[in-house]
There are 2 protein chains.
Amino acid sequence: MSNQEIPRTRRRRGSDQPTLKEVAEAAGVSAITASRALNTPERVNETTRQRVLEAVERVGYVPNLVAGSLASARSRFIAVIVPSLSNTVFIEVIRGLQTTFEAHGYQILLGNTDYDIEREHRLVRTFLGWSCSALVTAGLRHTAACRDLLVNCDKPVVEVMELGEALDLNVGLDHREAGRCMARHLLERGYRRTVFVSVGTDRDYRAAMRYDGHREVLAAAGLDAPFIELDQPSGLDAGAAGLDRVRDAHPAAEVVHFANDDLAAGALLHAQRLGLRVPDDIAIAGFNGLPLGQHITPRLTTIRSPRETMGRRAAEQILRRLDDKRVSRRQLDVGFELLVGEST
Amino acid sequence: MSNQEIPRTRRRRGSDQPTLKEVAEAAGVSAITASRALNTPERVNETTRQRVLEAVERVGYVPNLVAGSLASARSRFIAVIVPSLSNTVFIEVIRGLQTTFEAHGYQILLGNTDYDIEREHRLVRTFLGWSCSALVTAGLRHTAACRDLLVNCDKPVVEVMELGEALDLNVGLDHREAGRCMARHLLERGYRRTVFVSVGTDRDYRAAMRYDGHREVLAAAGLDAPFIELDQPSGLDAGAAGLDRVRDAHPAAEVVHFANDDLAAGALLHAQRLGLRVPDDIAIAGFNGLPLGQHITPRLTTIRSPRETMGRRAAEQILRRLDDKRVSRRQLDVGFELLVGEST
DNA sequence: TAGAAATATGGTAGCGCTAACATGGTAGCG
DNA sequence: CGCTACCATGTTAGCGCTACCATATTTCTA
């Protein structure tokens, strides 16, 4: 029969980008040598390497990293999972991670949980599907299934922000102690009637931990520690509203301990507008140590958290682990610093 | 011979994670059916689909997205390239992109150029190597090689922030016009002696464009438009320093037009500390419309740029393009809004 | 100078998945 | 009833790269 079934090759090149094979042909070497010239240059002869690099230029080769990852079963991705991009705190941690990792040739895969641990779980699955080299996630609270994935994935996992019972590596600070620290400062200053103001402690549970520390210290001094939770997103507006709420519900309050500097600064600026004298009429304290607080008059008393450092340290721990140098301490306390301004 | 060369299969499973094949076996179907059950559920029988999903649960399958991308020649990555993570402006654009893309099942691959277009070029290469579905990059300035890559990659490319001669899609605002707008406002208010203060215009060239607009309007009114460039990173500190520089170099200045709100707010807070009356002793204007400016007394006159919206619009354009619905306008002006406070 | 060790390169076989084509069964229609 | 149309599923062949092993050549060592 003249019309035989020709099992014609089914070509389905993804694109018409040149491949490593074409580079190899252009350089007159095998594909594997071309691969080595690009990835482990010390394992090929210098002149060969030059020929390959030249061929890369000539044909306009862009390595297909997807194929490389599949073949080598590792990518150069670092999964970074944060609860929010609206909070400077996480941005700065990301910056620390990003700077360190990018310098070592790793890419950040950014995920945002919106404070939902189910979403965290889904993101972890996705990122593991990308064979990421390591994962960084904010906080110690996860769904059970997510914990399983993280424990069994056999990759470095860093939980950042707070300290505690971690899955693998842990870089953060002790929020309860930070709360205690500020409360002690307030007592030293002679304040007795405090109010702690926070937003959404179900989401920002670290704020709740700081409140716990605060309350503990006041309780030890035989004092009450009233608490107000605002039902709006954190920000300067919320801080202003918080101050109003305090003046309404606790007219005799001497000092307001805000869960973060955005709230505290909002309150401070609002106090200015209302013509209240800070700290004489009402004292104000915050948490985070944002630059803004140090520019307002009076300067805000707050606690500086080393956010960018936290990101850098986390990245360093991971890099060390990936280099297979054992990581000495699995838990790293980055500490904090009380900044005393004139607002208390 | 009893000791034949057994060409033993060299197994080199990347991990001991279950694969789709194992899921398929557990469900009693072929691999491709399992694949379809997960990716195109409408193409399999409902009961089959259920069996597959159940098998996925049972064996604890996590899809290998790297393999999937290689086979299908597309990933669900969107490359996002920004010059800095220290600037709220880019963060908010990223937030807009992130929210929209994550809702459609795309992952953000984040790159930071640190205002270096060579680094941008390298990032573009890397991201193309990951078969990203689309690229978003800040600004219209690229190296020639980078332009080539972007033009020839046959993927949606959006240049955000400013408007102009774009490679593909373009979402942004007219910075020169924003500069003009503020300058006109200042003239209307009766100010004649202005100073424009900026930082690193070689990097933040959009600030330079705003200055161009500012100068143009003043020149049309026959007025000089002195300019001061600070050599420190933008921030409240720099704003304070900027105000000092102006008072030193231009003691008769009536108004300072700052390149952004961080600088302007820093100056405003510094003026408070110095006991200067704003706007009577010196008026202050900014750009961006950050919340901070609206909380300071007097409120900052500034221009609100729709940053998160810019990200969202860019994402929508890309999604439409990926769905192959032709995108009507390739250039999208998101506009801006003059916010008049009491600082001018 | 033989033998070991190091260096440089190549051939082959996958990595885990999906596109393309093939097949068998059921429904629709004149 | 024969035809097409469609649906559900399977078979095969890659996607582009690198791990693993093998081989050839050079250098070093005893």
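Here is how names work: the chains are called A, B, and so on, in the same order as the sequence lines, proteins then strands, and each is numbered from 1.
- Residue contacts for A:Val29: at a heavy-atom cut-off of 4.0 Å it reaches the sugar-phosphate backbone alone, with no base atom in range.
- For the pair A:Leu70 CG and D:dA19 P, the interatomic distance rounds to 12 Å; values are reported in whole Å.
- In this structure, CG of A:Leu20 is placed 14 Å from P of D:dC15, rounded to the nearest angstrom.
- If you take CZ of B:Arg74 and P of C:dC17, they are 15 Å apart, rounded to a whole angstrom.
- Among the nucleotides D:dA19, D:dC17, C:dC17, the one closest to the side chain of B:Thr19 is C:dC17.
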Next on the checklist: The test is side chain to side chain donor-acceptor pair (under 3.5 Å); show your working for B:Glu54 and B:Gln50 and say whether it passes.
Outcome noted: CA-CA 6 Å; B:Glu54 191 195 295; B:Gln50 287 301 339; over 6 Å; no
Checklist entry - Can you check side chain to side chain donor-acceptor pair (under 3.5 Å) on A:Tyr61 and A:Gln17, steps first, answer last? => result CA-CA 7 Å; A:Tyr61 174 66; A:Gln17 290 289 319; over 6 Å; no
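- When each of D:dG10, C:dG16, D:dT18 is scored by its nearest atom to the side-chain atoms of B:Ile32, the top-ranked nucleotide is D:dG10.
- When all heavy atoms of B:Ser84 and B:Tyr115 are compared, the pair lying nearest together is CB-CE1, 3.6 Å.
- A straight line from NZ of B:Lys21 to P of D:dG10 spans 14 Å, rounded to a whole angstrom.
- With rounding to whole Å, A:Glu25 atom CD is found 12 Å from D:dC17 atom P.
- Separation of atoms CD1 (A:Ile91) and OG (A:Ser86) is listed at 8.0 Å; rounding is to 0.5 Å.
- Remark: C:dG30 base-pairs with D:dC1. Criterion, Watson-Crick or G-U wobble with two distances under 3.5 Å.
- Rounded to an integer number of Å, the gap from CG of B:Leu65 to C1' of D:dC15 is 16 Å.
- D:dT9: Watson-Crick or G-U partner is C:dA22, with both key distances under 3.5 Å.
- Distance from the side chain of A:Ala67 is smallest to D:dC17 among D:dC15, D:dC17, D:dT11.
- Distance OG/B:Ser131 to CG/A:Asn64: 5.0 Å, rounded to 0.5 Å.
- A sub-4.0 Å separation between OP1 or OP2 of D:dT9 and a side-chain N or O of B:Ser30 is absent.
- Checked against B:Thr137 for a side-chain hydrogen bond (donor to acceptor under 3.5 Å, both in side chains), the options B:Glu159, B:His142, B:Glu120 give a single hit: B:Glu120.
- A heavy atom lying under 4.0 Å from DNA chain D marks the following residues of residues 36-59 of chain A, by number: A:Asn39.
- Neither OP1 nor OP2 of C:dT9 sits under 4.0 Å from any side-chain N or O of A:Thr33.
- Taking the six-membered ring for Trp, B:Phe77 and A:Phe77 have ring centres closer than 6.0 Å.
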